[in-house]
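The first residue in the sequence is number 1, and the count goes up from there.
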Amino acid sequence: MSRVLHRGQILHFLDDPFKSEAGNRDGGESSGDNKVNDSYAYFADGGLLVDDGRVIAVGEASQLLSSLPHDTVINEHADALLVPGFIDTHIHYPQMDIIGAHGEQLLQWLDKYVFPTEAQFGDFDYAQRVAKRFLKELLRNGTTTALVFGTVHPESVDAFFTEAESLNLRMIAGKVMMDRNAPDFLTDTAESSYSQSKQLIERWHNRGRLRYAVTPRFAPTSTPEQLKAAGRLLCEHPDVYLHTHMSENLNEIAWVEELFPHLDHYLHSYDDAGLLGRRSVFAHCVHLSENEWQRMAETQSNIAFCPTSNLFLGSGLFPISMAESCGVHVGLGTDIGAGTSFSLLETMDEAYKIQQLQGHSLTPFKSFYLATLGGARTLDLEDQLGNFLPGKEADFLVLDLAATPLMKERIAHCEDLFETLFVLSTLGDDRCVRETWIMGECMYQRDAHETHVPDAHLTQSATS
């Protein structure tokens with residue numbers, strides 16, 4: 001693979017804007033139109049140098065061009081912003097066909113829509129077809145890494161990883177563990193879930209860019225014995241992930257109190273089984289108690305904030321300021337299919353509104369951090385991706401600053417980077433993703449004249 005310099009506006013994050021002045025419009029040191037500070041670097045005319053799938057350098061284009069061999073390929077990206085690939089920290093691939101299913105809250109929604117849909121994923125061929133469509137949709141929306149739920153069927157995980165491997169994507173996924181309070185056709189046992197998960201770990205974990213997540217659905221659908229079996233898997237394979245749900249809905253929390261009457265709170269059901277830790281990701285966490293927040297911080301456990309899902313199911317408002325004050329890592333999750341969009345730009349928009357309702361202002365710097373480096377930190381992948389530091393995997397996006405007539409006109413009136421990012425995160429959607437690059441290879445390219453992208457406009461690599 002030849003060395004390529006991508007030239008255009010470039011933004012990436014070095015730290016959480018909450019920790020510095022970067023969240024303010026005037027934070028950082030400026031050099032002309034460029035800006036660099038403790039938490040982010042922006043280059044108005046930047047260069048991203050990529051070779052053999054990894055970042056070699058990032059900086060001002062003029063400086064990089066002066067030292068490059070004459071045969072270096074240069075890709076010009078006009079009217080665009082280059083950012084690291086978006087990271088979705090919680091999503092269900094089997095649920096993509098029930099997006100927009102009307103009229104239920106969490107527990108009723110599971111019974112009415114989710115369980116019947118997931119019953120089909122014991123068929124490998126069916127699961128593979130859905131996985132193929134799902135991954136195309138991720139690429140179209142600029143999501144390059146995701147933490148993904150399968151179903152209770154091992155075939156669902158085999159199918160997903162088969163497709164992800166063919167695209168060289170960095171994906172994390174796992175088989176659902178669920179041995180009670182679900183239809184018989186979707187339940188396993190503590191022992192079968194342990195043995196099937198162990199086989200999947202041995203087959204897929206650390207195979208190329210793939211990683212495995214031990215995946216109990218949530219405490220109400222796992223007996224204490226099954227949760228302890230999940231803990232045993234984590235002890236035996238200390239570098240795998242734990243992926244589950246917690247404290248999404250008040251009725252759910254009351255149910256957990258009934259099922260685990262001897263425990264102090266919801267988190268205790270997982271803690272008691274040894275499921276907390278640096279690679280443990282809990283989706284939602286809308287209604288945590290002070291003790292739960294403290295324990296999350298002590299164990300370096302992580303949260304996936306899923307705003308469109310929380311609003312759609314009427315679950316509640318996630319308090320990101322609590323996570324900031326406790327030092328708990330947070331990433332954004334679309335939570336398809338309760339979530340209503342694959343787009344992390346649209347997810348940023350809803351995240352902003354949720355914080356507004358609580359009197360907390362979410363800056364666009366923080367939003368883009370959550371979707372990139374914040375997501376990488378949540379998934380303990382900061383050493384591999386999340387920004388453009390040398391050596392990182394070259395997963396990145398080309399965001400079109402003139403994707404729609406409205407955006408083109410609005411951004412033309414933006415006075416600074418802060419305002420431009422805010423417009424992207426409030427008006428932006430899949431149409432803003434001009435190109436998606438995976439390990440230095442373009443895997444998706446949008447036809448500039450199309451607002452709907454048929455399969456023909458996916459590159460050969462993405463459709464093979």
Side-chain angles (χ1 to χ4, degrees), residues 8-13 16-18 21-28 30 32-37 39-46 77-88 140-143 305 307-308 311 320 332 334 339-357 360-375 387-388 396-436 446 448-453:
Q9 297 181 55
I10 296 175
L11 171 71
H12 72 134
F13 287 85
D16 186 343
F18 171 74
E21 293 300 314
N24 298 324
R25 299 176 87 124
D26 299 323
S30 296
D33 291 327
N34 303 320
K35 184 171 287 189
V36 179
N37 58 33
S39 73
Y40 76 89
Y42 168 73
F43 305 96
D45 181 15
H77 301 284
D79 298 319
L81 177 68
L82 277 65
V83 298
F86 290 152
I87 298 170
D88 191 332
R140 198 173 69 82
N141 282 274
T143 298
F305 170 27
T308 70
L311 293 173
I320 200 168
L332 290 177
T334 60
T340 51
S341 174
F342 277 83
S343 171
L344 280 170
L345 291 172
E346 290 193 88
T347 302
M348 292 180 202
D349 182 32
E350 299 306 310
Y352 171 79
K353 295 170 187 174
I354 283 178
Q355 301 315 307
Q356 283 288 90
L357 288 169
H360 179 76
S361 181
L362 182 67
T363 73
F365 291 108
K366 180 64 179 246
S367 292
F368 273 84
Y369 164 80
L370 290 172
T372 56
L373 183 60
N387 60 22
F388 294 139
F396 64 94
L397 312 178
V398 180
L399 297 178
D400 188 350
L401 298 177
T404 68
L406 175 62
M407 288 193 65
K408 181 178 180 180
E409 187 67 24
R410 180 63 184 88
I411 285 179
H413 290 86
C414 289
E415 297 181 353
D416 53 25
L417 177 63
F418 183 104
E419 192 171 348
T420 297
L421 294 178
F422 189 61
V423 170
L424 275 172
S425 65
T426 52
L427 300 183
D429 54 29
D430 57 289
R431 293 170 294 179
C432 292
V433 180
R434 184 187 295 174
E435 297 173 6
T436 302
R446 191 206 70 200
H449 300 294
E450 295 284 346
T451 57
H452 168 70
V453 185

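In terms of modelled atom types and a separation under 3.5 Å, the side chain of D88 and the main chain of T334 share a donor-acceptor contact. Panel note: side chain H12, backbone F388; a donor-acceptor pair is recorded below 3.5 Å.
The CZ atom of F86 sits 5.5 Å away from the CG atom of L397 when rounded to the nearest 0.5 Å. The distance from the CG atom of L370 to the CG atom of L344 is 10.0 Å, given to the nearest 0.5 Å. One distance of note links CD of E350 with OG1 of T426; it measures 11.0 Å at 0.5 Å rounding. The CG atom of N37 lies 9.0 Å from the CZ atom of F13; values are rounded to the nearest 0.5 Å. Rounding to the nearest 0.5 Å places NZ of K353 at 11.0 Å from OG1 of T308. Interatomic distance, CE of M407 versus CG of L427, reported as 6.0 Å (0.5 Å rounding).
L357 meets the side-chain contact (heavy atoms from CB on, under 4.5 Å) test with L317; sequence neighbours excluded. Residues satisfying the side-chain contact (heavy atoms from CB on, under 4.5 Å) criterion with L417, sequence neighbours excluded, are L11, Y40, Y42, F365, L421.
In terms of heavy atoms, E415 sits closest to E419 at N-OE1, 3.3 Å. The two residues V398 and A80 come nearest to each other via the heavy atoms CG1-CB, 3.6 Å. For the residue pair C432 and L345, the shortest heavy atom distance occurs at CB-CD1, 3.8 Å. Of all the heavy atoms in E346 and G428, the pair that sits closest is CG-O, 3.5 Å. Between F418 and P364, the shortest heavy-atom contact is O-CG, 3.3 Å. Considering every non-hydrogen atom in both I10 and G46, the closest pair reads CD1-C, 3.5 Å.
Residues H77 and E435 form a side-chain contact, since some pair of their non-hydrogen atoms from C-beta on lies under 4.5 Å apart. Side-chain contact between Y352 and L362 is present, with heavy atoms from C-beta onward closer than 4.5 Å. Using a 4.5 Å heavy-atom threshold, the side chains of D79 and R434 count as touching. With a 4.5 Å cut-off on side-chain heavy atoms, P84 and L373 do not count as touching. Using a 4.5 Å heavy-atom threshold, the side chains of Q9 and L401 count as touching.
Aromatic ring centres of Y369 and F18: separated by at least 6.0 Å.
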Could you walk me through whether I354 and H360 pass the side-chain contact (heavy atoms from CB on, under 4.5 Å) check? CA-CA 9 Å; I354 283 178; H360 179 76; over 6 Å; no

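Atom CG of D45 is surrounded by more than 12 heavy atoms from other residues, nucleotides or ligands within 6.0 Å.
Inspection of the S343 and D429 side chains reveals no N or O donor paired with an N or O acceptor under 3.5 Å.
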